[in-house]
Participant: 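Below you will find the structure I want to go over with you.
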Amino acid sequence: MKKYRNVVLKIGSALLNEDNHDVKDFIDNICQQIKTAMDSGVKFTIVTSGAINEGQQILGVNKRPKQLESLQAMAAIGQQSLMRRYEHSFKELDCFTAQVLLTHDDMNNPNRFLNAKATLGKILELEIVPIINENDVVATEEIRFGDNDTLAGMVTNLIEADLMIILTNQKGYYDKNPDRFPNAKLIKKCDIKTLDKIDFDINDKSDEGTGGFKTKLNAVKMVTTNNTTSIIASGYEKDTIKKILSNKQVGTTFYI
Ligand code: GLU
């Protein structure tokens with residue numbers, strides 16, 4: 001049985017949209033599972049999307065803006081409220097959170113990279129949950145991660161986590177796009193060497209976020225080549241984290 005000790009959990013925008021489900025219930029449930037795991041010695045880092053969405057909900061803007069500065073403004077408006085959700089849920093469990101905002105530049109600059117690594121290491125040592133998002137406000141088009149899948153992959157490598165979980169609105173990785181093909185089959189275990197051969201429209205994007213399966217699979221490749229396990233699973237199912245940590249089959253597990 002594989003024992004994971006240091007986990008990065010990526011939560012996509014669709015899971016933080018009130019139109020899709022009760023977000024408070026969802027976050028409460030995730031935080032509860034994380035706290036249980038932390039009590040048995042597992043370190044957890046959350047990479048969360050949802051700031052732009054949250055900003056849109058605060059201002060009552062239905063359609064996701066297209067212009068970079070509008071997206072950045074929405075992110076700035078929504079980020080505190082997004083953090084507050086995690087902070088409240090964890091506080092109920094006597095657990096603290098730390099906000100960490102990163103850009104591509106931080107990962108490419110050796111000094112900033114090492115600073116971020118040391119700070120995250122210290123936060124985890126204090127048994128506090130780092131909640132990471134892209135620093136959308138200062139990231140220009142050229143240097144944006146743009147999607148938090150890539151950010152989650154980079155963070156996983158940065159802190160040398162042994163597991164990356166991407167929670168999304170699909171049950172995992174399918175052999176075809178399940179939204180278009182009712183006979184699409186969920187791939188439970190996937191050798192990353194086969195990824196390039198699969199005939200699947202991986203460019204499909206969710207309406208709420210900027211990632212699609214393409215960015216998820218790139219993040220998976222990024223960490224799997226570092227020998228880290230990654231799992232893509234549904235955020236709509238109960239006890240996903242608990243099941244994964246007890247080695248039960250959930251979603252798609254990627255291996256090399
Ligand atoms: N940083 C963006 C936000 O918080 C999310 C990027 C993405 O779509 O993953 O809204």
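First listed ligand is number 1; within each ligand, the first listed atom is number 1. Since the model is a prediction, treat every value here as computed from it, not as a measurement.
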Participant: Side chain or backbone of D136 under 4.0 Å from ligand 1, or both, or neither, by non-hydrogen atoms?
Facilitator: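 Contact part for D136 vs ligand 1: side chain (C-beta onward).
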Participant: Could you list all the salt bridge (charged side-chain N to carboxylate O under 4.0 Å, His left out) pairs where at least one residue sits in residues 244-256, not counting sequence neighbours?
Facilitator: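 The answer is none; no pair qualifies.
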Participant: Backbone or side chain, does any N or O of L82 fall under 3.5 Å from an N or O of ligand 1?
Facilitator: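 No.
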Participant: Taking only Lys NZ, Arg NE, NH1 and NH2, and the carboxylate oxygens of Asp or Glu, determine whether D191 and K193 approach each other closer than 4.0 Å.
Facilitator: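 Here D191 pairs with K193 in a salt bridge, since their nearest N and O are under 4.0 Å apart.
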Participant: Could you say whether the N/O atoms of D147 and ligand 1 ever approach to under 3.5 Å?
Facilitator: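 N/O-N/O distance under 3.5 Å: no.
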Participant: Using heavy atoms and a 4.0 Å limit, tell me yes or no: is A75 in contact with ligand 1?
Facilitator: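 The answer is no: ligand 1 sits nowhere under 4.0 Å from a heavy atom of A75.
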Participant: Hey, is CD on E237 packed in by over 12 heavy atoms from elsewhere, all under 6.0 Å?
Facilitator: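 Yes, the 6.0 Å shell around CD holds more than 12 heavy atoms from other groups.
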Participant: Report the residue from I131, I30, I128 that forms a side chain to side chain contact (heavy atoms under 4.5 Å, CB included) with F90.
Facilitator: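 Testing F90 for a side chain to side chain contact (heavy atoms under 4.5 Å, CB included) against I131, I30, I128 leaves exactly one candidate, I131.
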Participant: Which ligand 1 atoms does S49 reach within 4.0 Å, using its non-hydrogen atoms?
Facilitator: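 Per the distance check, 4 (O), 5 (C), 7 (C), 9 (O).
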Participant: Grab the two heavy atoms, one from V7 and one from D162, that are nearest each other, plus how far apart they are.
Facilitator: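 Distance-wise, the nearest heavy atoms are N-OD1, 4.5 Å.
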Participant: Would you indicate which of V47, I52, T150 comes nearest to atom 10 (O) of ligand 1 when only heavy atoms are counted?
Facilitator: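 Nearest option to atom 10 (O) of ligand 1, by heavy atoms: I52.
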Participant: Does only the side chain of N148 get under 4.0 Å from ligand 1, or the backbone, or both, or neither? Count heavy atoms.
Facilitator: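 Answer for N148: both.
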Participant: What are the two closest heavy atoms between R5 and S40, and how far apart are they?
Facilitator: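 Distance-wise, the nearest heavy atoms are NH1-O, 3.5 Å.
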